[in-house]
Undergrad: 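Dropping a structure here in structure tokens format, bear with me for questions.
Just follow the structure's listing: the first ligand is 1, and inside any ligand the first atom is 1. As the structure is a computational prediction, the values presented were derived from the model and not from experiment.
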Amino acid sequence: MSDLELPVVRLDADLALPAYARPGDAGADLLTTVDVTLAPGERALVPTGIALALPEGYVGLVHPRSGLAARHGLSIVNSPGTVDAGYRGEVKVLLVNLDPGEPILLRRGDRVAQLVVQRVERVRFVEVDRLPDSERGQGGYGSTGGFGQG
Ligand SMILES: O=c1ccn([C@H]2C[C@H](O)[C@@H](COP(=O)(O)OP(=O)(O)OP(=O)(O)O)O2)c(=O)[nH]1
Ligand SMILES: [Mg+2]
């Protein structure tokens with residue numbers, strides 16, 4: 001299967017394009033163009049230096065990187081961030097430091113997040129009086145059980 005070509009403008013000529021670290025990766029790493037220090041609990045909207053033209057019918061999802069999350073508590077407030085196909089502005093990442101005690105220091109060029117490009121369906125919302133029955137019905141939010149119940 002050949003990769004879909006995705007037009008990208010580099011807003012910061014000195015930094016690399018997003019790239020997949022390994023064959024088969026779903027996420028292409030996104031870089032921060034700025035140095036950032038995040039105190040515990042602090043968030044920052046960080047520029048990545050790229051703008052995209054995703055084809056209609058696709059979405060870009062901005063996901064955290066698990067290594068940085070596990071080691072430092074770096075996450076994304078609105079995870080996963082949604083980059084709409086029609087968006088032509090700079091892709092940004094709303095980073096947050098979830099570590100209770102340690103600041104996180106990010107340097108320009110660090111890979112701070114990853115972009116997953118997916119096909120997405122649009123729907124027509126059709127109002128009805130009654131929904132079709134289902135086995136789950138209105139059960140949710142733990143209706144099937146939680147911890148310690150096997
Ligand atoms: O992590 C993100 C999330 C969003 N965006 C950009 C692309 C997206 O198309 C646009 C709007 O995002 P969203 O729809 O999540 O935000 P909103 O608060 O609903 O803003 P709007 O009213 O502009 O849709 O902001 C990013 O660059 N990174
Ligand atoms: Mg929106």
Side-chain angles (χ1 to χ4, degrees), residues 1-129 131-132 134 136 138-144:
M1 200 177 59
S2 69
D3 291 346
L4 181 77
E5 273 186 25
L6 177 58
V8 47
V9 168
R10 227 181 327 171
L11 304 168
D12 188 321
D14 297 334
L15 292 180
L17 290 176
Y20 296 100
R22 305 250 189 240
D25 284 2
D29 291 329
L30 297 173
L31 315 178
T32 170
T33 66
V34 294
D35 296 343
V36 201
T37 300
L38 293 171
E42 193 180 3
R43 64 180 185 265
L45 190 60
V46 168
T48 66
I50 58 154
L52 306 173
L54 288 157
E56 204 151 305
Y58 287 80
V59 64
L61 299 176
V62 182
H63 287 265
R65 293 186 62 210
S66 62
L68 299 176
R71 281 199 295 278
H72 303 289
L74 184 69
S75 192
I76 294 177
V77 177
N78 58 324
S79 179
T82 303
V83 180
D84 298 293
Y87 180 69
R88 297 288 178 270
E90 182 168 17
V91 174
K92 296 187 180 172
V93 184
L94 191 45
L95 294 173
V96 61
N97 178 2
L98 296 179
D99 191 274
E102 294 296 320
I104 299 175
L105 278 66
L106 300 168
R107 304 295 301 272
R108 173 179 158 80
D110 283 346
R111 295 175 294 139
V112 295
Q114 54 187 326
L115 183 76
V116 176
V117 176
Q118 285 182 203
R119 280 184 192 271
V120 67
E121 300 294 333
R122 295 242 320 181
V123 299
R124 250 179 330 109
F125 293 91
V126 180
E127 188 173 5
V128 295
D129 290 331
L131 297 172
S134 75
R136 173 172 283 274
Q138 296 189 28
Y141 310 100
S143 68
T144 65

Undergrad: Examine ligand 1 and decide if any of its atoms is less than 4.0 Å from a heavy atom belonging to T82.
TA: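 It does, in that a heavy atom of T82 comes within the 4.0 Å cut-off of ligand 1.
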
Undergrad: Locate the shortest heavy-atom distance separating I76 from H63; write the atom from each residue and the value.
TA: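 Result for this residue pair: CD1-C, 3.4 Å.
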
Undergrad: Quick one: does ligand 1 sit under 4.0 Å from the side chain of I76, the backbone, both or neither, non-hydrogen atoms only?
TA: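 No part of I76 comes within reach of ligand 1.
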
Undergrad: Could you list which atoms of ligand 1 come closer than 4.0 Å to a heavy atom of N78?
TA: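 Counting atoms of ligand 1 from 1, those under 4.0 Å from N78 are 1 (O), 2 (C), 3 (C).
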
Undergrad: Would you verify that at least one protein heavy atom lies under 4.0 Å from atom 27 (O) of ligand 1, or report that none does?
TA: yes

Undergrad: Quick one: which ligand 1 atoms are inside 4.0 Å of a heavy atom on V91?
TA: 27 (O)

Undergrad: Hey, which atoms in ligand 1 end up nearer than 4.0 Å to a heavy atom of D84?
TA: 8 (C), 9 (O), 11 (C), 14 (O)

Undergrad: Could you tell me which non-hydrogen atom of P80 sits nearest to which non-hydrogen atom of L61, and how far apart they are?
TA: CB-CB, 4.1 Å

Undergrad: Is the closest side-chain heavy-atom distance between I50 and P18 below 4.5 Å?
TA: yes

Undergrad: Answer yes if a protein heavy atom lies under 4.0 Å from atom 5 (N) of ligand 1, otherwise answer no.
TA: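 For atom 5 (N) of ligand 1 the answer is yes, since some protein heavy atom falls inside 4.0 Å.
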
Undergrad: Does ligand 1 have an atom that lies less than 4.0 angstrom from a heavy atom of V93?
TA: no

Undergrad: With a 6.0 Å cut-off (strictly less than), is the heavy-atom count around CD of E102, excluding the residue itself, greater than 12?
TA: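 No, because the 6.0 Å sphere around CD of E102 holds 12 heavy atoms or fewer from other groups.
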
Undergrad: Distance below 4.0 Å between atom 1 (O) of ligand 1 and any protein heavy atom?
TA: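 Yes, there is a protein heavy atom closer to it than 4.0 Å.
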
Undergrad: Are any of the N or O atoms of K92 closer than 3.5 Å to those of ligand 1?
TA: yes

Undergrad: List the atom of A44, the atom of V36, and the distance in Å for their closest heavy-atom pair.
TA: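 Taking A44 first and V36 second, the nearest heavy atoms are CB-CG1, 4.0 Å.
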
Undergrad: Report yes if the side chains of R111 and L68 come closer than 4.5 Å at any heavy-atom pair, otherwise no.
TA: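 Counting from C-beta outward, R111 and L68 never come under 4.5 Å.
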
Undergrad: Is there side-chain contact between V46 and L106, with at least one heavy-atom pair below 4.5 Å?
TA: no

Undergrad: Specify whether the nearest protein heavy atom to atom 9 (O) of ligand 1 is under 4.0 angstrom away.
TA: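 It does; a protein heavy atom is within 4.0 Å.
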
Undergrad: Please tell me if atom 21 (P) of ligand 1 is touched by the protein, where touching means a protein heavy-atom distance below 4.0 Å.
TA: no

Undergrad: Tell me if the CZ atom of R107 is crowded by more than 12 foreign heavy atoms within 6.0 Å.
TA: no

